[in-house]
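See structure below.
Below, read A as the first sequence line, B as the second, and so on, with proteins coming before strands; counting in each chain starts at 1. Bear in mind that the values here come from a model prediction, so they are computed numbers and not experimental data. These numbers come from the heavy atoms of this one structure, side chains and all, not from hydrogens, waters or symmetry mates.
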Amino acid sequence: MPSQQPFALIESGAHGVAIVAVNEAAAHLGIEAGTSLTDARAAHPTLLSRPAEPEKDRIALLKLARWAGRYGPNRHIDGSDGLWIDITGVAHLFGGEENLLDDMTQHLMSFGVAVQAGLADTLGAAHALARFGCPPDAAWAMAPAGETREAIRFLPVEALRLDAPRILLLKRLGLRHIGQLYDIPRDSLARRFRSSDAAAAVLVRLDQALGMAEEPRRPMQPPPVLSVARAFAEPLISSEALEAFTHELAGDLAAALAAKDLGARVLRLTFYRADGTSGTIAAAMSTPCHDADHMMALLSEKFSNIEAGFGIDILRLDAVRAGKREASQKGFTGPQGAALRDPSELVDRLANRFGREAITVLQPQGSHIPERAEIRLPALDVLEAQSSSRVARYAPPWPYPKRALRPAFMLSRPEPIAVTAGVPDGSPASFIWRRVERRVVRAQGPERIAPEWWRTLYLDADQKRPRTRDYYRIEDQQGAVYWVFRHGLYEGEEATERPSWFLHGLFA
Amino acid sequence: MDPRLSTALPTLLPDKDAVIESLRSRILHIEKHAPRRGAVASSPDSAASPPLGRRFTWALGCPAADDLLPRGLETNSLHEVKGQPSAERGASAADWMAGIGFAARLAVRRIDALAAQQGAHASASTARPWVLWCWPRQLSAELGSPSAAGLASLGLDPSRLIIVETARAGDALNAIEESLRAQSLAVVIGITEEAELTPARRLSLAAGETATPCLLVTHPAAESAAATATRWRVKRLASAAQPFEPRAPGASRFSLALERCRARPESSARPPVFVEWNDETRRFDLAAVVADLPAESRGAGGGAVAAAVRTY
């Protein structure tokens, strides 16, 4: 659409259809947001309009915020039409703060977005500069480091993010510029406001803008513990270049982690392409790691998911989660044998390749019911707790006597079998499992495993109660040994329902 | 300064490696595990020492079975274990269990052998060795999932076991190769349907590089891989009778046939050996009574019980 065409976004409200936003041409003609569409059309018949779609606007703003990650990991949307980005430590990648602002505003304008940017020491001051402090011909305004107070002195009080009644009151008191608030003693200002909350709000906003009060802000993604980044003048296209630079970044991150005695547990590599899109790959580790080669080995498995597209402009490697890593002495053995290494690096590689749930270790649980007596947990979670062998951890032994007589393999669901056995508590003489009949030659048992009585205390009469199991270890004529049980008893309180037989496990 | 002293000075400064060696031996001595003389006297260029177990082997513990192998099972190779197929092209859970049971017991023997080797230098800081178990998920659905108590009664330490379950069979072989190359494990037990030529060759190369033995249990009826150092065909026999509980299943018994032995090809012609696993000593013994006695005579007479007592 030609830019001289006046255009407005409209929305139906309580008083009819009203204009929400206008473009530059319409603003020149004097059409303002808030007027009703019919009035505006009457004055300017050539006005075009479309319904506003605030949801889509918000999604577009979030996409811009995601794109803005190239300027720093801490960022979020601000209101319905703004972004804030924390560029602490990032400016050197772009050759200085002015170059960073130029780069950002030029990129945004090339996306077709009209932008005003402000840079200051505090969020409040940057907000003020961006919305009220930009000169008419420039796209950005900057307050030099340490000079925030002077930079916002002449900005109107609306820049302090107060709501309309307070602004009105400040104007009535004759306070139109922020600088006028500096010299007024605080308690005299508090006396002017009807309630102390209002005064407190004004003072809080002022302190936040000047950096004397903390402003909590929540970025889009949880901030990483440590982050290293690199910008490229020529966008990267080849995978060898990508690997080489990732390796360098891993080395930098490893050095930074080692300096603080930390190790990374979760790594995230974010790459920003020249056309504005981005992507990430991540890797998780079982023990805190500050070894660049290991990090590189885990990340390089996922490189095939990266598409360079138009080329990668910026690479950033974050340690999203980190843990304390004690300086450990590598195993001390004599010269005649190399010790076996710690398997945590192997577990990291396998878990990152096949999935976190694919690599498990067994942990005991306090229950005598066989299927609940132990649990399989992802090795990534468990190994860290056991890894520090320098501190001699007491690992309690597994709570089984050595001759526990449990099968080496337990089916996750016991399979029903048809059994011929003596009643009431004879051992099986033959059984049919998976459609093959097997004759029992030897049997040992029964081992009675009663249900956990504390789970049945508060059950109603009609709810299903768990039943006693009598386990038998039986051997068939081919020598295979099985673990079967009879679910329920023929006598006693549980005799209301007929017992049934199941096969629970196989002995190796 | 005395001129004699000045020429003596360079030789008074000891070289760094000798200092390290002497410090090492002092520390080991302080830990009350004096190393063998050979270790202290070894030259500093043995820093590039062979990985643990390169020249080492482990054995089944039963002389009749160990005679089949020239030196024992080598730690730097791939060994394949197969059960006996009971049906045409099919294998029941029992056939798998025979192979898996034998492989698990071989792993127990390997860990005991490793502990014996490290015995002279074992101290509290030596970590207990890890075992890795890898199989595809479909087998886990068919046979059940490993249980810590059961494996503990076989002799494996459940707190030192890593279980890898992959979605596809090819991934399982990939995981086994990766774990062999890591040089972090005492033994790797892999269970898959079959291992073709190229993957098996890669596994055996990986095992050779890091001297980690790999025990591969494959489908009883599948084609055998050609690159293995040994291939065992295992069948379960009726278990031994327990002396105090004649009706109960006793010590597991296996019939072992060495179908292929790369170091001694003529072993494949030998008849199968019948062995019995002894839980207390964690070794295989020769099974004296091998006939599959009919059920009626079991637990009935002194004949069967007396014969079984003899093996104890």
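Proximity to chain B among residues 348-357 of chain A is limited to A/R349, A/L350, A/R353, A/F354, judged by heavy-atom separations below 4.5 angstrom. Using non-hydrogen atoms only and a strict 4.5 Å limit, the part of residues 167-177 of chain B facing chain A consists of B/D171, B/N174, B/A175.
Of the listed residues A/R413, A/H504, A/R438, A/R473, the one with more heavy-atom pairs under 4.5 angstrom with chain B than any other is A/R473. Across B/A141, B/P146, B/A98, the residue that shares the most heavy-atom pairs under 4.5 angstrom with chain A is B/P146. Taking B/S147, B/G155, B/S179 one by one and counting their heavy-atom pairs under 4.5 Å with chain A, the maximum is reached by B/S147. Comparing A/S427, A/A443, A/A480 by heavy-atom pairs within less than 4.5 Å of chain B, the highest count is held by A/A443.
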Side-chain donor-acceptor pairs under 3.5 Å in residues 414-422 of chain A, sequence neighbours left out?
residue : atom : partner : partner atom : Å
A/E415  : OE1  : A/W433  : NE1          : 2.7
A/E415  : OE1  : A/R434  : NE           : 3.3
A/E415  : OE2  : A/R434  : NH2          : 3.0
A/T420  : OG1  : A/S430  : OG           : 3.3

Enumerate, atom names and distances included, each donor-acceptor pair closer than 3.5 Å involving a side-chain atom of residues 101-108 of chain B, sequence neighbours excluded.
residue : atom : partner : partner atom : Å
B/R105  : NH1  : A/A508  : O            : 3.4
B/R105  : NH1  : B/G101  : O            : 3.3
B/R105  : NH2  : A/A508  : O            : 3.3
B/R105  : NH2  : B/S252  : OG           : 3.2

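The SG atom of B/C134 sits 7.5 Å away from atom CD1 of A/I359, with the distance rounded to the nearest 0.5 Å. Summarising the geometry, atom CG belonging to A/L362 is positioned 13.0 Å from atom CZ belonging to B/R160; distances are rounded to the nearest 0.5 Å.
Residues A/Q444 and B/P249 meet the side-chain proximity criterion, which asks for heavy atoms closer than 4.5 Å. In this structure the side chain of B/I162 reaches within 4.5 angstrom of the side chain of A/P343, judged on heavy atoms. Contact of the A/Q478 side chain with the B/D95 side chain is not registered, since no non-hydrogen atoms from C-beta on lie closer than 4.5 Å.
Looking at A/V347, only its side chain comes within 4.5 Å of chain B, counting heavy atoms on both sides. Heavy atoms closer than 4.5 Å to chain A are found nowhere in B/W96, neither backbone nor side chain. Proximity to chain A (any heavy atom under 4.5 Å) is restricted, for B/E245, to the side chain, taken from C-beta onward. Proximity to chain A is limited to the side chain of B/L132, based on heavy atoms less than 4.5 angstrom apart. The part of A/F507 that comes within reach of chain B is its backbone (N, CA, C, O), which places non-hydrogen atoms under 4.5 angstrom from that chain.
Closest of all the heavy-atom pairs between B/M97 and A/L506 is CE-CD1, 3.9 Å. Scanning both residues, B/A240 and A/R442, for their nearest heavy atoms gives O-NH1, 3.2 Å. The heavy-atom pair separating B/L151 from A/A408 by the smallest distance is CD2-CB, 4.1 Å.
Partner B/S145 forms a side-chain contact (heavy atoms from CB on, under 4.5 Å) with one of A/R376, A/M410, A/E374 and no other, that one being A/R376.
Salt bridge B/R236/A/E475: absent, no basic N to carboxylate O contact under 4.0 Å.
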Practice item. For the pair B/I100 and A/F409, evaluate side chain to side chain contact (heavy atoms under 4.5 Å, CB included) and give the outcome as yes or no after the intermediate values. Key: CA-CA 10 Å; B/I100 294 176; A/F409 291 87; 3.7 Å; yes
